[in-house]
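Scroll down for the structure; my scribbles are underneath it.
Every heavy atom of this structure was used, including side-chain atoms; hydrogens, water molecules and symmetry mates were not. In this text, all values refer to a predicted model and were calculated from it rather than measured experimentally. Here is how names work: the chains are called A, B, and so on, in the same order as the sequence lines, proteins then strands, and each is numbered from 1.
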Amino acid sequence: MTKIDMSVPLAGLSLKTPVMTASGTCGYGLDLLPYLDLSRLGALVVKGISVEPRQGNPPPRIMETCGGMLNAIGLENIGMEAFVAEVLPRLREHRTVLLVNILGESEEDYARLVDRLSEQEGIDGFEVNVSCPNVRRGGIAFGSDPATLEHLVAFLRPRTEKPLIIKLSPNVTDIVDMAGRAEAGGADGLTLINTIRGMSVDVESRRPHLATVVGGLSGPAIKPIALRMVWEAAARVQIPIIGVGGILSGEDAVEFLLAGASAVQIGTAHFRNPAACIEVMAGIEGYLARHGIQAVRELIGAIRVDPSREA
Amino acid sequence: MTKIDMSVPLAGLSLKTPVMTASGTCGYGLDLLPYLDLSRLGALVVKGISVEPRQGNPPPRIMETCGGMLNAIGLENIGMEAFVAEVLPRLREHRTVLLVNILGESEEDYARLVDRLSEQEGIDGFEVNVSCPNVRRGGIAFGSDPATLEHLVAFLRPRTEKPLIIKLSPNVTDIVDMAGRAEAGGADGLTLINTIRGMSVDVESRRPHLATVVGGLSGPAIKPIALRMVWEAAARVQIPIIGVGGILSGEDAVEFLLAGASAVQIGTAHFRNPAACIEVMAGIEGYLARHGIQAVRELIGAIRVDPSREA
Amino acid sequence: MTGNRRAALTAIVSNREIVPGTFLMAFEEPRLAAEVRPGQFLMLSIPAAHDPLLPRPFAVFNREGPRVEILYRRVGKGTGRLAGLKRGDSLRALGPLGNGFPLPAPSVASLVLAGGVGIASVHLLLLHLLKHQSVPTTLLYGARSHQEIIPLESLEAQGLRIHIATEDGLRGVKGTVAALLSTTPALWEDGAAASTEAFVCGPMAMLRAVVARLNRPGIRTHVSLESRMACGYGVCQGCAMPFKDKENPERVRYRKVCTDGPVFTADEIPWGKTEAS
Amino acid sequence: MTGNRRAALTAIVSNREIVPGTFLMAFEEPRLAAEVRPGQFLMLSIPAAHDPLLPRPFAVFNREGPRVEILYRRVGKGTGRLAGLKRGDSLRALGPLGNGFPLPAPSVASLVLAGGVGIASVHLLLLHLLKHQSVPTTLLYGARSHQEIIPLESLEAQGLRIHIATEDGLRGVKGTVAALLSTTPALWEDGAAASTEAFVCGPMAMLRAVVARLNRPGIRTHVSLESRMACGYGVCQGCAMPFKDKENPERVRYRKVCTDGPVFTADEIPWGKTEAS
Ligand SMILES: Cc1cc2nc3c(=O)[nH]c(=O)nc-3n(C[C@H](O)[C@H](O)[C@H](O)COP(=O)(O)OP(=O)(O)OC[C@H]3O[C@@H](n4cnc5c(N)ncnc54)[C@H](O)[C@@H]3O)c2cc1C
Ligand SMILES: Cc1cc2nc3c(=O)[nH]c(=O)nc-3n(C[C@H](O)[C@H](O)[C@H](O)COP(=O)(O)OP(=O)(O)OC[C@H]3O[C@@H](n4cnc5c(N)ncnc54)[C@H](O)[C@@H]3O)c2cc1C
Ligand SMILES: Cc1cc2nc3c(=O)[nH]c(=O)nc-3n(C[C@H](O)[C@H](O)[C@H](O)COP(=O)(O)O)c2cc1C
Ligand SMILES: Cc1cc2nc3c(=O)[nH]c(=O)nc-3n(C[C@H](O)[C@H](O)[C@H](O)COP(=O)(O)O)c2cc1C
Ligand code: FES
Ligand code: FES
């Protein structure tokens, strides 16, 4: 059997495989070390880093729902300086493509993160989380207003040579518009989707299950929504898309690739199995082998849609 | 044991129980007859009726997903005149509150439906489905643009004395704004939520599972999203809200009531059990009995949220 | 009868793999056993489980007193979960649903054709025919491999003429049911009266091939179709398939496989346009 | 050790209800059995099932050779699914996870307090103490009803001093473990050396009551906490609870129950502020 080519080019990077970790679901990667060799990943996407450390939200922070889970971690993280001083040196020991997810509450926050982290060796690119409230604009998230999003991307673009991947929020009327705006602002790629806002109530205590009432829904429950958004966005933009939302298996990942994603991220699946990325990679390889396909790249956007059939 | 009071007032109607059928999941109610006495329902909401009959979409029309299902029925229905001539007389035999779900592609379509159906005996109110594309406005759904929605509601308002309940689409950035617009237009109530747009791919054939590629996601997978939208909208509007999305049990329904819904609808659950509404009612009654609550009305909006805790 | 029907909550009596990949499950449900007619089906689900969320359609393979038997092939998630059930586990069964096969007059010759687990949908019909027909009944039964053939000795003992085709050729004729039908036409014509009723159930490719060959004067063909179903009792419209519009045979009209079918006459089906399901 | 750990895929050897509502499940997994230390836990899930989606945390109750035993109470969906598993069914087990109890020097007196199924988390510890301590070990064990008390004769045979409290009063003292502790202080002080190590596991109300009563000189109290967990190995941050900030004891700092715990010393916990879990 000829060796299957799992590599994909993405936003100027060449990835060994199209399978990455999703931000916030594998910490800074170090907790995965006992379970997998980070260099086998397409990329390691670490949890969102802010300028200052963040405490996160009070508990309870998570709740399981049917086919998914709600989380309100509150973007707890050690902050940019501790990341550079304590985490980055350890990650450099593992030869993996490293994408740092960054988050801010103002354009200046993002700029400081990009400026500081761009200088660091071992960081291959940024994933910009635009789901946080924009404090300057009355708390409306960067990711829910098209003009604000485009402005942020255009503002960050000149500050770094490294790839800027924008992680879009699904909580919008028109994901295609948001994708187009990010591209227009100069993004090198898009990640779709972040969690969907949801809640759940404990009928015995009459209290919400999460201390913050509303949290982000992830897991297989949201897969059809994520897949639809990837497919719609892929039809609009030229830049590569990283698909994420509810992927548990190689077949799930193949769905995203067929729908137009160039790579995929694995999030909630890590909580079932720390080696979820390896399981997904093996699943994709098995699928390719069964179908006699030599290179995973051939799957990207290869969905067969009879044009007369589109609704 | 004192008898539990399950009645709720809603948009000028008095409902025996807060449990209704969700449009499109029990046909015109007649297929439910072998399984339940329609007069036990809070209300019967029939499948969406358009001015002219509609064929619906080609198959495959449905696909199961994790915790949910996608449908692309395509609003197949027998049309307004056949509904009046063939279905309505039969429904009048069953003393049930009847809400007719209506759908159009222009304001005139909706007006013709309201005008024609308002004259009919046995119809207690309208549920206006605004998820269809507005042909006059480039196919953007009535339910995804705030101004278009408000205009439609205000246009229909003077045409009928009967309650107008607007069924909102969840595929929007700001459900609170949509709810407020519908109220401003003169709606008597809101139904939240319709299905969420999603897709799914058959990796073996590389084709989408639905002939129309994209369909509507329903079932317990979307419950946290529906609940969040109900809670957010209830905080904004004064008019009653009917909660729908993934309710399978009495406890699920109680979550919606606590979050601020005055009534609930049962959709996908009918496909597991034709008597799902009865099962949910019994579940609510059991909950009330266990907690020594006399009237279901006491649950509405009775969630306990520590204000300092809201995110 | 308003309001007093229920999806039956019952318990598995037995559930075993009778040939590789195919299971026979039994439960007791006197009402279902009494009411079910050949070709009707049930929607089965596991009450406490939400994955899969929707019930799955299955023909009633057999009934004996209060007992209902289901013959099913493990193909995916739902049948996988069914296969894991053990005696005593609970099951929800809604039905009987669908129109079932029209039962021929006792003097009419019947030809039954089954492909794979399609045998499940015609088994009750065969029992009925063997009991009521005054002329012999013939079954043409095909499967991928000889291992998949369900033992039908008791039907044979009751006088059924069985002809088997397997694609591996290790049992009966090598090939498909359709091939069996065309290579040995005398098989079923010898006993046939002026008119024959044919009853077919199997995968879409088999239906297509068989129906084409049965399309000749004197034969009326009834086909049991499959389609993805959510509800099985007419409310979701998910199972719709295109059928010839009686008023305008050039156009198609969507009809529900669950309540308008699952049995249709072959001439209602626009064979060229039908989706492979 | 990079990259070679795996969540173990194993098969149930036995799973039975030993007292009403509480089950003892066994499987064989030599690595887990060899590695696990008292107070550590596993994340268990059913591989093919997506409902529940997330694994659930359980202490290792016992080990014998390659065999691992879990004692669990059926309280909801996940434990309900576990209770339905039968011999041969497959299970995924990740671990051992967490810090476990700090093991006292052999001469130190140990007092173990367990409420309800909290006994599961201290059982391996008790076995360790009975084997290694040169002074007697005492267990105060409470439960809602006498029926819920797990039989511990073999520990008693090994020299454990067991005192039982039940809220129905039908076994041991009527009341809670906390009441037992305060009404009969001599119970555990008689054998106690100058310093005592106390180990506590149970529901939050019990922890709170017990810890308040143990707050006296010479006693160091270790508490095994529970919190809703998604991953169990430190990546989701879902299990965070507030702890006293060492630098500023007036403030709280979130720490992870899964990797920073589940065992904490009582003085790390801001008892007034902690959420009931
Ligand atoms: C009226 C009717 C009667 C039936 N009677 C029987 C019977 O007696 N015995 C039996 O074994 N099967 C029968 N079937 C088919 C059976 O319902 C399907 O095999 C079952 O629903 C598959 O469920 P799953 O979750 O295991 O597969 P899924 O995971 O849903 O799908 C696995 C594979 O099977 C295909 N598939 C799924 N559902 C159907 C379907 N309804 N028709 C055709 N292909 C499908 C899928 O496309 C996929 O390739 C009947 C179907 C109908 C409509
Ligand atoms: C480190 C650790 C070790 C544990 N060891 C054991 C053990 O050995 N034996 C045992 O029976 N249980 C143990 N538990 C508790 C066990 O994990 C929960 O009972 C289980 O997760 C409940 O799952 P469920 O799906 O059945 O309940 P759910 O349906 O999730 O919930 C049912 C009820 O249980 C409550 N609940 C759920 N999870 C927890 C939790 N983690 N802590 C407290 N309450 C909860 C819910 O709030 C709800 O009221 C341990 C928990 C932790 C954190
Ligand atoms: C516990 C948790 C924490 C998360 N934290 C972050 C984060 O810090 N930054 C971010 O961009 N996305 C975050 N996400 C979103 C995931 O990266 C991913 O977009 C989402 O969970 C959907 O994928 P999944 O269904 O595979 O989990 C988080 C998700 C979870 C479940
Ligand atoms: C098969 C199907 C058909 C539907 N048809 C309609 C419809 O005609 N009009 C409408 O307003 N909503 C329709 N809906 C949406 C439901 O009324 C409901 O809003 C949605 O399914 C969420 O509720 P559930 O999760 O309980 O199903 C349909 C849903 C399904 C599953
Ligand atoms: S399966 Fe629902 S209408 Fe046929
Ligand atoms: S349970 Fe995930 S970090 Fe503790």
Nearest-0.5 Å distance that lies between atom SG in C:Cys258 and atom CG in B:Asp31
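So the gap between those two atoms works out to 8.0 Å.
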
To the nearest 0.5 Å, how far apart are SG in B:Cys66 and NE2 in C:His50?
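The NE2 atom of C:His50 is 12.0 Å from SG of B:Cys66, to the nearest 0.5 Å.
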
Region of B:Asn71 that comes under 4.5 Å of a non-hydrogen atom in chain C
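Contact with chain C involves no heavy atom of B:Asn71 at all.
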
What part of B:Leu30 is in contact with chain C, defined as an atom under 4.5 angstrom from a non-hydrogen atom: side chain, backbone, both or neither?
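Neither part, no heavy atoms under 4.5 Å.
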
Quick one: are B:His209 and C:Arg228 in side-chain contact, heavy atoms under 4.5 Å?
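When only atoms from C-beta onward are counted, C:Arg228 and B:His209 do touch, with a gap below 4.5 Å.
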
Just wondering, do B:Pro34 and C:Tyr233 contact through their side chains at under 4.5 Å, heavy atoms?
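A side-chain contact is absent here, since even the closest heavy-atom pair is not under 4.5 Å.
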
Interface residues of residues 270-279 of chain B facing chain C - heavy atom cut-off under 4.5 Å
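So the qualifying residues are B:His270, B:Phe271, B:Arg272, B:Asn273, B:Pro274, B:Ala275, B:Glu279.
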
Could you please state which residues from residues 16-28 of chain B sit under 4.5 angstrom from chain C, measuring non-hydrogen atom to non-hydrogen atom, sorted by number, or 'none'?
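Checking residues 16-28 of chain B against chain C gives B:Gly24, B:Thr25, B:Cys26, B:Gly27.
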
Exercise: identify the closest heavy-atom pair between [X] and [Y]:
X	Y	answer
B:Pro59	C:Ala240	CB-O, 3.3 Å
C:Arg56	B:Glu64	NH1-OE1, 2.8 Å
B:Arg61	C:Gly238	CB-O, 3.8 Å

Output the option from C:Ser45, C:Gly232, C:Ala230 having the highest count of non-hydrogen pairs under 4.5 Å with chain B.
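Result: the option with the highest number of such pairs is C:Ala230.
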
Counting heavy-atom pairs under 4.5 Å with chain B, which one of C:Cys239, C:Gly78, C:Pro55 comes out on top?
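Between C:Cys239, C:Gly78, C:Pro55, the count favours C:Pro55.
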
Is it the backbone or the side chain of C:Leu54 that comes under 4.5 Å from a heavy atom of chain B, or both, or neither?
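It is both, since atoms from each part get that close.
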
Is C:Leu9 close to chain B through its backbone or its side chain, or both, or neither, when contacts mean heavy atoms under 4.5 Å?
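Neither part.
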
Does [X], at its [atom1] atom, have more than 12 non-hydrogen atoms belonging to other residues, nucleotides or ligands within less than 6.0 Å?
X	atom1	result
B:Arg92	CZ	yes
C:Arg144	CZ	no
C:Arg31	CZ	yes
B:Arg40	CZ	no

C:Arg92: partners by salt bridge (Lys or Arg N to Asp or Glu O under 4.0 Å), with sequence neighbours left out
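C:Arg92: no salt bridge (Lys or Arg N to Asp or Glu O under 4.0 Å) contacts found.
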
Using a strict 4.0 Å threshold on nitrogen-to-oxygen distance, state whether B:Glu76 and C:Lys256 make a salt bridge.
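Salt bridge: no.
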
Restricting to side-chain contact (heavy atoms from CB on, under 4.5 Å), what partner residues turn up for B:Ser131, sequence neighbours left out?
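Partners of B:Ser131 under the side-chain contact (heavy atoms from CB on, under 4.5 Å) test: B:Asn129, B:Ser169, B:Asn194.
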
